[in-house]
Amino acid sequence: MPDKENIDVHEFSPSHTKNTLRHIVANRLQPLWQILGILWLVATITFGLMQLTNDDVVDRVFTQQQSLSLEAQADKRAELGLTAPVWLQYSRWLGRGLQGDFGQSMVTGEAVSSILWSKLPATLLLMCSAVGITLLVAIPLGLWTAHKAGSMGDKFVRSLTLFGNTMPNFFTALLLLYVVALKLNWLPVIARHNDPAALILPTLTLVWSMSAKYIQQVRALVLDELAKPYIIGLRTRGLSWFTILTRYILRAIAGPLVALVALSCGSLLGGVTIVETIFMWDGVGKMAFDAITARDYPVLQAYVIWLAALYLVLNWGADVLQKRLNRSQRKEAGDEI
């Protein structure tokens with residue numbers, strides 16, 4: 001029995017409890033303050049860069065669509081708020097942004113939030129198909145090449161991954177369009193979004209480059225695990241390589257894989273601009289390209305903030321999931337011991 005007189009009563013004092021609560025609250029709120037600070041910095045830099053352009057939406061869109069006189073151009077700029085002082089434009093935009101209102105498109109007059117949400121489903125569909133197929137291809141090949149390291153099959157797969165990493169997405173997209181759509185006529189060049197054929201070529205373009213990176217990462221992680229002493233112990237217990245790779249190695253590399261998938265999802269949800277534009281896939285990336293071309297500042301600013309917020313949230317979520325996976329792995333290892 002512990003001696004009651006030796007119990008530290010300060011641990012249960014109001015001041016100690018108060019300090020503990022402050023510490024917990026500070027740790028919980030710190031990521032939130034960091035996210036808000038980074039978003040504010042990104043928003044400010046983006047707004048500043050917009051002001052450095054030599055032309056605006058009036059020059060890029062309205063003057064080309066209509067023969068506007070200089071007076072009409074000035075009136076249009078005043079109507080869109082482009083003639084107001086920079087500090088006033090910034091304060092208005094930031095104030096609306098803090099309320100969740102990113103304004104209206106200067107080209108169509110539609111709410112920016114509505115435009116963003118209308119384009120998001122197409123990008124979500126492209127992301128899910130690309131990431132899903134990449135994992136189905138890369139994880140088995142990464143495990144197999146690591147197990148067969150140095151073999152002819154390993155060298156062949158590694159040469160393919162090197163080739164995939166050196167090919168930019170726009171070149172892969174144009175090559176697929178030329179060969180599959182134009183020469184072989186297997187798929188339409190431009191298809192409707194309700195047609196499943198429209199998803200094949202952009203997905204293959206992304207899978208080609210993503211799977212190359214994933215196979216290399218999985219192979220490196222598996223080789224690192226195979227060099228650890230516990231693998232010898234598992235082999236002496238009579239476990240097959242299939243069991244070791246699927247039951248133990250996959251669990252061990254789950255944390256880094258989660259981080260890799262989070263980064264890929266952030267990139268794809270942010271919109272792969274070149275791929276979506278080439279295949280006329282009406283997603284967030286094509287929306288950003290059209291906004292850049294038209295100098296549609298509100299749409300472009302909302303896109304940049306959306307992309308930054310997405311990366312921050314996904315990275316934070318990946319960190320939390322990695323910690324939980326590590327705790328569960330340590331717990332399972334302790335139970336086995």
Side-chain angles (χ1 to χ4, degrees), residues 35-66 68 70-127 193 266-278 280-314:
I35 289 175
L36 292 177
I38 293 174
L39 288 179
W40 172 80
L41 183 61
V42 170
T44 303
I45 293 175
T46 303
F47 183 87
L49 291 175
M50 298 298 169
Q51 306 303 316
L52 298 178
T53 57
N54 296 324
D55 53 4
D56 52 28
V57 66
V58 177
D59 297 320
R60 303 289 293 190
V61 178
F62 295 104
T63 303
Q64 295 181 7
Q65 292 178 352
Q66 312 168 24
L68 297 180
L70 294 178
E71 294 180 355
Q73 293 180 25
D75 294 338
K76 192 64 179 179
R77 289 189 177 91
E79 178 186 345
L80 296 174
L82 297 175
T83 57
V86 175
W87 65 268
L88 183 58
Q89 294 183 44
Y90 175 74
S91 60
R92 288 175 178 174
W93 175 73
L94 186 61
R96 291 195 303 264
L98 292 175
Q99 300 175 15
D101 180 14
F102 294 102
Q104 297 176 331
S105 169
M106 292 182 176
V107 178
T108 63
E110 186 179 355
V112 173
S113 300
S114 299
I115 297 175
L116 184 60
W117 286 112
S118 66
K119 307 296 183 183
L120 187 58
T123 302
L124 274 172
L125 180 60
L126 182 60
M127 181 209 73
H193 292 299
S267 176
L268 294 174
L269 275 178
V272 185
T273 305
I274 295 177
V275 174
E276 290 189 358
T277 303
I278 290 176
M280 299 301 292
W281 186 259
D282 197 17
V284 178
K286 185 175 180 298
M287 178 200 72
F289 179 81
D290 294 339
I292 294 173
T293 304
R295 303 295 190 269
D296 197 348
Y297 298 153
V299 175
L300 189 56
Q301 289 163 348
Y303 166 79
V304 173
I305 295 175
W306 148 262
L307 184 59
L310 192 63
Y311 266 104
L312 292 172
V313 171
L314 286 174

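- Taking OG1 from Thr46 and CD1 from Ile305, the interatomic distance works out to 6.5 Å, rounded to the nearest 0.5 Å.
- Sorted by first and then second residue, the ring pair (Phe, Tyr, Trp, His ring centres under 6.0 Å) pairs involving residues 104-125 (not counting sequence neighbours) form an empty list.
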Legend entry - side-chain contact (heavy atoms from CB on, under 4.5 Å) evaluation trace for Leu94 with Trp40: CA-CA 9 Å; Leu94 186 61; Trp40 172 80; 4.1 Å; yes
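- Here the shortest heavy-atom pairing between Ala294 and Val107 reads CB-CG2, 4.0 Å.
- Here the side chains of Tyr303 and Val112 are not in contact, with every heavy-atom distance at 4.5 Å or above.
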Inset, instruction - Kindly determine whether Trp306 and Val284 satisfy side-chain contact (heavy atoms from CB on, under 4.5 Å), including the steps that lead there. - result: CA-CA 10 Å; Trp306 148 262; Val284 178; 4.1 Å; yes
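- Separating the OG1 atom in Thr273 from the CE atom in Met287 is a distance of 9.0 Å, to the nearest 0.5 Å.
- Put simply, the side chain of Trp281 gets close to the backbone of Ala122: a donor and an acceptor are under 3.5 Å apart.
- Contact detail for Arg92 and Ala84: the closest heavy-atom pair is NH1-CB, 4.3 Å.
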Legend entry - Step-by-step side-chain contact (heavy atoms from CB on, under 4.5 Å) determination, Thr108 to Ile115: CA-CA 10 Å; Thr108 63; Ile115 297 175; 4.1 Å; yes
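- With a 6.0 Å radius and a threshold of 12 heavy atoms from other residues, nucleotides or ligands, Tyr90 has its OH atom above the threshold.
- We find the CG-CG distance between Leu300 and Asp290 to be 11.0 Å, quoted to the nearest 0.5 Å.
- The CG atom of Leu268 sits 12.0 Å away from atom CG of Leu125, with the distance rounded to the nearest 0.5 Å.
- With a 4.5 Å cut-off on side-chain heavy atoms, Pro298 and Gln104 do not count as touching.
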Inset, instruction - Show the numbers, then the answer: is there a side-chain contact (heavy atoms from CB on, under 4.5 Å) between Glu276 and Phe289? - result: CA-CA 9 Å; Glu276 290 189 358; Phe289 179 81; over 6 Å; no
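- Val304 has its side chain within reach of Val42: a pair of non-hydrogen atoms, C-beta onward, lies under 4.5 Å apart.
- How far CG of Asp75 is from CD of Glu79: 8.5 Å, rounded to the nearest 0.5 Å.
- Going from atom CG of Asp282 over to atom OG1 of Thr277 covers 10.0 Å, rounded to the nearest 0.5 Å.
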